[in-house]
Asks: 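Right, I'll just put the structure down here and ask away after.
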Amino acid sequence: MAATLIWISLLVGLLAGLGGTEIQQTTLHPLVGRVFVYTLDHDAFLQLPEHVAVPVTYHAHLQGHPDLPRWLRYTQRSPHHPGFLYGTATPEDRGHQVIEVTAYNRDSFDTTRQRLVLLIADPEGPLLPYQAEFLVRSHDVEEVLPSTPASLFLTALGGLWEPGDLQLINITSALDRGGRVPLPIEGRKEGVYIKVGSASPFSTCLKMVASPDSQARCAQGQPPLLSCYDTLAPHFRVDWCNVSLVDKSVPEPADEVPTPGDGILEHDPFFCPPTEATARDFLTDALVTLLVPLLVALLLTLLLAYVMCCRREGRLKRDLATSDIQMVHHCTIRGNTEELRQMAASREVPRPLSTLPMFNVRTGERLPPQVDNAQVPLILDQH
């Protein structure tokens, strides 16, 4: 009874502790068409003291769902590195979304939860109809998500484009685009796609990079045409053969909605289908189709029968071509075979004369055996 009371008190205390735990809540304001990055830092998330390295992993999901929304991604290099929630919201994602994040302390096995309230709205300012996407092979996605490397990339890209109004639209890992995991060699990176938008038109340098001549050079394994100085080097190694430009300044024509008609085709002088079909007799075609193969098969059968039955040499001709000694030998073997068959059919017949021990071929005289017939040889001289 006392043990039961102890377990009940422990359970009540545990439930009371869980009920009194307050979940941290943070309100964020992502914008449609702009990249959103939120850093899951160990110190700020778990409120750890300074200079304390603790391995922590995270699990994030949409409230009421097991996974994140389709526009949001999560990445973390290792438990000793911070995690990142990043992505670009679409117009369909406008509104209110709640992301629940759970942190796991791998040393003490403690868990901490945090709730992120996302208020997704449209951005203010001019639209960004001119968009360019670059493949940066010298960085991983975790190295570009912080604000400092992203700002450095926009500043360096300002030397190739109109500076001041460049904004990040999307950041995607090259592995999410079908890229391969690099070998564990120093200096090898996974690569990251960075999409930048601007209200200013593309510069002449970017247009030349995406020109058909540059694409032809890339197909031959040569570097593309670059008429300006590469201000992104050496901090960012861009694959200029994978640069894509999208111009949304000219609206696409709307698809025409088909108008339903009355179902009657208009008169066309070039299409005059026949109104009546002439009667045809298919008897001749059927006879030709069936009789011709039958006649051919019959001729082949007659030819085979003539070759096999009518072209034989004959038994008389064969016997005349055979020597007398061979014929006598054959007849002897045949006679002996018939005699053995008769003996096998009736066991009471006398023994053959040829098997008696004292048999005279010329006179036919014979003497009764005085010893066992099986022990007497056929030729007495063998004694």
Asks: Can you hop from Val192 to Leu152 via hydrophobic side chains spaced under 4.5 Å?
Replies: yes
Asks: If Ile, Leu, Val, Met, Phe, Trp and Tyr residues are connected whenever their side-chain heavy atoms lie under 4.5 Å apart, and connections chain through other members, are Leu145 and Val238 in the same group?
Replies: yes
Asks: Taking the side chain as every heavy atom from C-beta outward, state whether Thr90 and Thr88 have any atom pair closer than 4.5 Å.
Replies: no
Asks: Side-chain heavy atoms under 4.5 angstrom apart, residues restricted to Ile, Leu, Val, Met, Phe, Trp, Tyr: same cluster for Leu31 and Val37?
Replies: no
Asks: Got more than 12 heavy atoms from elsewhere within 6.0 Å of NE2, His65?
Replies: no
Asks: Run the salt bridge (charged side-chain N to carboxylate O under 4.0 Å, His left out) test on Glu142 and Lys189 for me, step by step, so that the C-alpha distance in whole Å, both residues' side-chain angles and the decisive distance to 0.1 Å come before the verdict.
Replies: CA-CA 11 Å; Glu142 298 87 359; Lys189 301 291 183 177; over 6 Å; no
Asks: To the nearest 0.5 Å, what is the distance between CG on Leu118 and CG on Leu72?
Replies: 7.0 Å
Asks: Suppose we screen for salt bridge (charged side-chain N to carboxylate O under 4.0 Å, His left out). Which residues come up paired with Arg177, at least two apart in sequence or across chains?
Replies: Glu133
Asks: Between His61 and Tyr74, do the side chains contain an N or O donor and an N or O acceptor separated by less than 3.5 Å?
Replies: no
Asks: Report the C-alpha separation of Phe153 and Phe236 in whole Å, then their side-chain angles, then the decisive distance to 0.1 Å, and conclude whether the side-chain contact (heavy atoms from CB on, under 4.5 Å) test is met.
Replies: CA-CA 8 Å; Phe153 182 83; Phe236 300 94; 3.8 Å; yes
Asks: I'd like to know if Ile169 and Val246 are part of one continuous hydrophobic network [Ile/Leu/Val/Met/Phe/Trp/Tyr, side-chain heavy atoms within less than 4.5 Å].
Replies: no
Asks: Which heavy atom of Ala132 sits nearest to which heavy atom of Leu245, and what is that distance?
Replies: CB-CD2, 3.5 Å
Asks: Within this structure, what is the CD-CG distance for the pair Glu190 and Asp176, rounded to the nearest 0.5 Å?
Replies: 9.5 Å
Asks: So how far is it from Asn170 CG to Trp71 CH2, rounded to the nearest 0.5 Å?
Replies: 11.0 Å
Asks: Which heavy atom of Phe36 sits nearest a heavy atom of Leu28, and at what distance?
Replies: CZ-CD1, 3.5 Å
Asks: Output yes when a side-chain donor or acceptor of His139 lies under 3.5 Å from a complementary backbone atom of Glu143, and no otherwise.
Replies: no
Asks: Which atom pair, heavy atoms only, marks the closest approach of Phe202 to Asp247?
Replies: CE1-CB, 4.3 Å
Asks: If I compare all heavy atoms of Leu135 with all of Ala174, which pair ends up nearest, and what's the gap?
Replies: CD1-CB, 4.4 Å
Asks: Scan side-chain atoms only and decide if Ser211 and Ser214 contain a donor-acceptor pair under the 3.5 Å cut-off.
Replies: yes
Asks: Using a 6.0 Å cut-off, check whether atom CG of Asp285 has over 12 heavy atoms from anything other than its own residue.
Replies: yes
Asks: OG of Ser200 to OH of Tyr130: how many Å apart, nearest 0.5 Å?
Replies: 8.5 Å
Asks: To check you understand the geometry: which heavy-atom pair defines the closest contact between Gln167 and Leu128, and what is its length?
Replies: CB-CD1, 4.1 Å
Asks: Does the side chain of Val98 reach to within under 4.5 Å of the side chain of Leu62, using non-hydrogen atoms?
Replies: no
Asks: Heavy atoms, side chains only, cut-off 4.5 Å: are Val32 and Pro123 in contact?
Replies: yes
Asks: State whether a side-chain donor-acceptor pair under 3.5 Å links Thr57 with Gln76.
Replies: no
Asks: Please check if the side chain of Thr39 supplies one atom and the backbone of Asp41 the other of a donor-acceptor pair under 3.5 Å.
Replies: no
Asks: Verify the distance criterion only: is there a donor paired with an acceptor across the side chains of Asn105 and Thr111 at less than 3.5 Å?
Replies: no
Asks: So for atom CG, which belongs to Leu287, do other residues, nucleotides or ligands contribute more than 12 heavy atoms lying within a distance under 6.0 Å?
Replies: yes
Asks: Keeping Thr27 on the side-chain end and Val117 on the backbone end, is there a donor-acceptor pair under 3.5 Å?
Replies: no
Asks: Decide yes or no on side-chain hydrogen bond (donor to acceptor under 3.5 Å, both in side chains) for Ser173 and Asp140, but give the supporting numbers first.
Replies: CA-CA 7 Å; Ser173 174; Asp140 294 332; over 6 Å; no
Asks: Quick check: do Leu68 and Leu85 have side-chain heavy atoms less than 4.5 Å from each other?
Replies: yes
Asks: Would you check if Leu303 and Leu299 make a side-chain contact, meaning some heavy-atom pair closer than 4.5 Å?
Replies: no
Asks: Show me the pairs that pass side chain to side chain donor-acceptor pair (under 3.5 Å) and involve residues 118-128, at least two apart or across chains.
Replies: Arg94-Asp122
Asks: Would you say Ser203's side chain and Leu160's backbone share a donor-acceptor pair under 3.5 angstrom?
Replies: yes
Asks: Tell me whether Tyr86 shares a hydrophobic cluster with Val136, the cluster being built from Ile, Leu, Val, Met, Phe, Trp, Tyr side chains joined at under 4.5 Å.
Replies: yes
Asks: If we only count heavy atoms from C-beta on, is the Glu92 to Arg70 side-chain gap below 4.5 Å?
Replies: yes
Asks: Does Leu127 CG have over 12 foreign heavy atoms under 6.0 Å away?
Replies: no
Asks: Does some side-chain heavy atom of Gln215 sit less than 4.5 Å from a side-chain heavy atom of Pro224?
Replies: no
Asks: Between Leu168 and Ile194, is the side-chain contact (heavy atoms from CB on, under 4.5 Å) condition met? List the steps.
Replies: CA-CA 7 Å; Leu168 289 175; Ile194 302 179; 3.6 Å; yes
Asks: Filter on salt bridge (Lys or Arg N to Asp or Glu O under 4.0 Å), then keep only pairs touching residues 216-244, sequence neighbours left out; what's left?
Replies: Arg137-Asp239
Asks: Strictly by modelled atom types, are Asp110 and Ser108 linked by a side-chain donor-acceptor pair under 3.5 Å?
Replies: yes
Asks: For a side-chain contact (heavy atoms from CB on, under 4.5 Å) check, start with the C-alpha distance between Leu154 and Val196, then their side-chain angles and the critical distance, and finish with the verdict.
Replies: CA-CA 8 Å; Leu154 292 179; Val196 181; 4.0 Å; yes
Asks: Is there side-chain contact between Ile171 and Val141, with at least one heavy-atom pair below 4.5 Å?
Replies: yes
Asks: Which value, rounded to the nearest 0.5 Å, describes the distance between Thr155 atom OG1 and His235 atom NE2?
Replies: 11.0 Å
Asks: Considering non-hydrogen atoms only, spot the tightest contact between Val209 and Leu225 and give its length.
Replies: CG2-O, 3.6 Å
Asks: Walk me through it: do Thr102 and Tyr58 pass the test side-chain contact (heavy atoms from CB on, under 4.5 Å)?
Replies: CA-CA 6 Å; Thr102 305; Tyr58 303 91; over 6 Å; no
Asks: Say whether Thr332 and His329, considering side chains only, have a donor N or O and an acceptor N or O under 3.5 Å apart.
Replies: no
Asks: What's the spacing between Ser244 OG and Lys195 NZ if we round to 0.5 Å?
Replies: 7.0 Å
